2 protein chains.
Amino acid sequence: MHQHNCVSLVPLFSQLSEQEQDTVNSIVHQHHYQTGETIFAAGDSMDALMIIASGQAKVFQLASNGKEQLLHLLTAGDFDGETALFSQAKHNSFAEALMPTMICQINRTEFQQLMQKYPTISLNLLNELGRRMTELEKRTTQTSTSSVESRLADYLVETSAQFGKNDFKLPLKKKDLATYLGTTPETISRKLGELERNGLIEQTGSKQICIVDQEALEML
Amino acid sequence: MHQHNCVSLVPLFSQLSEQEQDTVNSIVHQHHYQTGETIFAAGDSMDALMIIASGQAKVFQLASNGKEQLLHLLTAGDFDGETALFSQAKHNSFAEALMPTMICQINRTEFQQLMQKYPTISLNLLNELGRRMTELEKRTTQTSTSSVESRLADYLVETSAQFGKNDFKLPLKKKDLATYLGTTPETISRKLGELERNGLIEQTGSKQICIVDQEALEML
DNA sequence: CGTTCTTTTGATGTTTCTCAAGGCAGGTGG
DNA sequence: CCACCTGCCTTGAGAAACATCAAAAGAACG
C-alpha cells in the first residue's frame, strides 16, 4: 500500500534491518501535496515527524513585517518536525511544497515508541540535528559577516558540489534563493550578472548556471 | 572533591536520582579558566561535553575576513560540545571565558555509556538541541529581515525578561553584543542613544539599562 | 496564446559600515 | 591612593552596499 517507501530513504532508519524497516513503514501515513500547497503553518500543532518521499519543499518563517526567510530546503529523504516531537507543541515556521510532493508522517507517540525500541534512531536524530545546527551557525555567521556576493559565490560552489557538476540548474526560484541568502531578488540578479561579467560563471538557461572559475569563486 | 556540583545544575541530568547524579559526578573532570582564556578553538578535536559550573563564556566563529560572530552566550548550567559527541571530530567555533569560569567535562565515551544507561539523557539532549535550533532560526530570520534597531529592541526586552526586571546590566560588552546582533559597536552605541532620546529606555551606568516603554520597544 | 508570476534593469534612497579621533573606565603598579 | 595605561565606548563625517520602487521583458502554465 505504501508505494513510495519513505523509510528506506531516510538515514534515520538506515541501521534497521529490512524487517524492522517494514514495521516502521507500516505505521507511516502518506500525504500528497501539490505545488504551492501548504504542508504546515506556524501555529499548527506539531504532532508528527514528516519525511519527504519525493518532491521538494521549503521551510520558512515570516517576519512581522511580512518578509520571508527561507530556513531549509527539503528534498527526498529529508525530514522535519523532529524538534517538536518532544518539546513545544506548535510549529514556528511554514512549509510549502515547491513541486508535487509526497510526504510520509509518523505520529509523535508512535515515533516515541520506535525510539524506545530502537535506540539507534535517537542517535541518528542527534547527529542530524547537530549537522543542521552546524549548517545554520555557518549561515548565520556568513549573513552577518560577509557580503551578498561572497554568500552567493559560496552557495554556488556548494550547490555545484552537491550535484557533482560544474553545470547545474538552481533548485530554487531566485525569489526564494534571495530569502535564503538574506537579500532580495534584484540583488541576486545583479550579483549573478556581475559574476558573469567577471568571467566566474556563465548563465546559460534561466536558472542554469555553469561555474567557470571555481577558484575565484571560493576566494570571495 | 568536586566542590562545584555541575551535574545538579544541568537540566540534562535533572531526571536522574541523587545517587545516579553522584555516579555522573564522579566521572566529571573540572577545569578552571580565567577571563579571556580560550576554552576551545576551531580545529580542536572535540571529545568532551562541557558544562559551565560557574562563570560565563562566549561561543563564536571567525569569518575568513577576521570578523567575529557571537553564536551563544553560556552561563552556569549551560553546556556545549554535544554536536560533536557523535559526528564530526573538530570544533568549528571558539569558546572564551568572559570571567573566571569553572567548566566540567565529560568524555565522549563516558558520555555515550551514560546515554546507554539512562535513555532519558538523550531525550533531554534532543530537547535542548531543538530549543537552540529554534532560537537560532529566530535570530537568523531577524538578522536578515529586520533593522538593527528592532533587533536591539527585541534583545533588550528579552534580556530584561530573563532578569525579571526593567532595570538590568548588559551581560555583554557592547563589542560582543554587536557581533551577537550582527552589527558593529558604533551602530549599537548610536541606536541605544536614539532609543534613549525617544524615551524608550534610559542608560544609567555604563551597560546599565532601564526599560521605560516596553510596549513601544516591542512594536519595533 | 493569453494570463500570471518571475526576472531583469534602471534610478533613487536609506541604512549601516568604515575610518578617525577623543573621552571614559577599570585595572595595575608605583 | 593616585597616575597611568590599555582597551572600550562614543561621536562625527563620509562612503559603500544594499533595498526599494517602478516598469518592461521573459518564462511557465493551463
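Not measured: the values here are computed from a predicted model. So that the names make sense, note that chain A is the first sequence line, chain B the second, and so on, each numbered from 1.
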Inset, instruction - Tell me which nucleotide among dT6(C), dC8(D), dG10(C) gets nearest to the side chain of K173(B). - result: dC8(D)
Legend entry - Nearest-Å distance for atom pair CD/C1', residues Q208(B) and dC8(D): 17 Å
Inset, instruction - When you get a sec, tell me which of dT20(D), dC18(D), dT8(C) is the closest nucleotide to the side chain of S189(A)? - result: dT8(C)
Legend entry - Check ion pair R139(A)-E135(A) (N to O, under 4.0 angstrom): yes
Inset, instruction - May I ask you to say what S206(B) touches in the nucleic acid, namely base, sugar-phosphate or nothing, with a heavy-atom cut-off under 4.0 Å? - result: nothing
Inset, instruction - Provide, to the nearest angstrom, the distance between the CG atom belonging to D176(A) and the C1' atom belonging to dT6(C). - result: 11 Å
Inset, instruction - Write down the distance between CG (L195(A)) and P (dT8(C)), rounded to a whole number of angstrom. - result: 13 Å
Inset, instruction - Starting at atom CG of L170(B), determine the distance to atom P of dC8(D), rounded to an integer number of angstrom. - result: 15 Å
Legend entry - K191(B) vs dT15(C): side-chain N/O to OP1/OP2 distance below 4.0 Å: no
Inset, instruction - Examine dT10(D): is either OP1 or OP2 under 4.0 Å from a nitrogen or oxygen in the side chain of K174(B)? Give yes or no. - result: yes
Inset, instruction - Report the distance from atom CG of L98(A) to atom P of dC5(C), rounded to the nearest whole Å. - result: 16 Å
Inset, instruction - Identify whether any heavy atom of G182(B) sits under 4.0 Å from a base atom; if not, whether one sits that close to sugar-phosphate; answer base, sugar-phosphate or nothing. - result: sugar-phosphate
Inset, instruction - Say whether, by atom type as modelled, one donor and one acceptor occur between the side chain of T101(B) and the main chain of Q56(B) under 3.5 angstrom. - result: yes
Legend entry - Interatomic distance, Q203(A) CD vs dA27(D) P [rounded to whole Å]: 12 Å
Legend entry - Donor-acceptor pair under 3.5 Å, E186(B) side chain vs dC8(D) base: no
Legend entry - ring pair (Phe, Tyr, Trp, His ring centres under 6.0 Å) pairs, two or more places apart, involving residues 190-220 of chain B: none
Legend entry - T183(A) side chain, from C-beta outward: closest of dT7(C), dA19(D), dT18(C): dA19(D)
Inset, instruction - Under the side-chain hydrogen bond (donor to acceptor under 3.5 Å, both in side chains) rule, collect the residues that match up with E149(B), sequence neighbours excluded. - result: none
Inset, instruction - Over 60° means perpendicular and under 30° means parallel, so classify the ring planes of F163(B) and F168(B), tilted if in between. - result: parallel
Legend entry - Whole-Å gap separating P (dG30(D)) and CD (Q34(A)): 10 Å
Legend entry - K175(B) NZ - dT18(C) P separation (whole Å): 15 Å
Inset, instruction - Hey, which sits more toward the 5' end of DNA chain D by its nearest nucleotide, T184(A) or G193(B)? - result: G193(B)
Inset, instruction - Check whether any side-chain nitrogen or oxygen of T187(A) sits under 4.0 Å from OP1 or OP2 of dA19(D), and answer yes or no. - result: yes
Legend entry - Heavy-atom donor-acceptor pair, R151(B) side-chain to dT16(C) base, under 3.5 Å: no
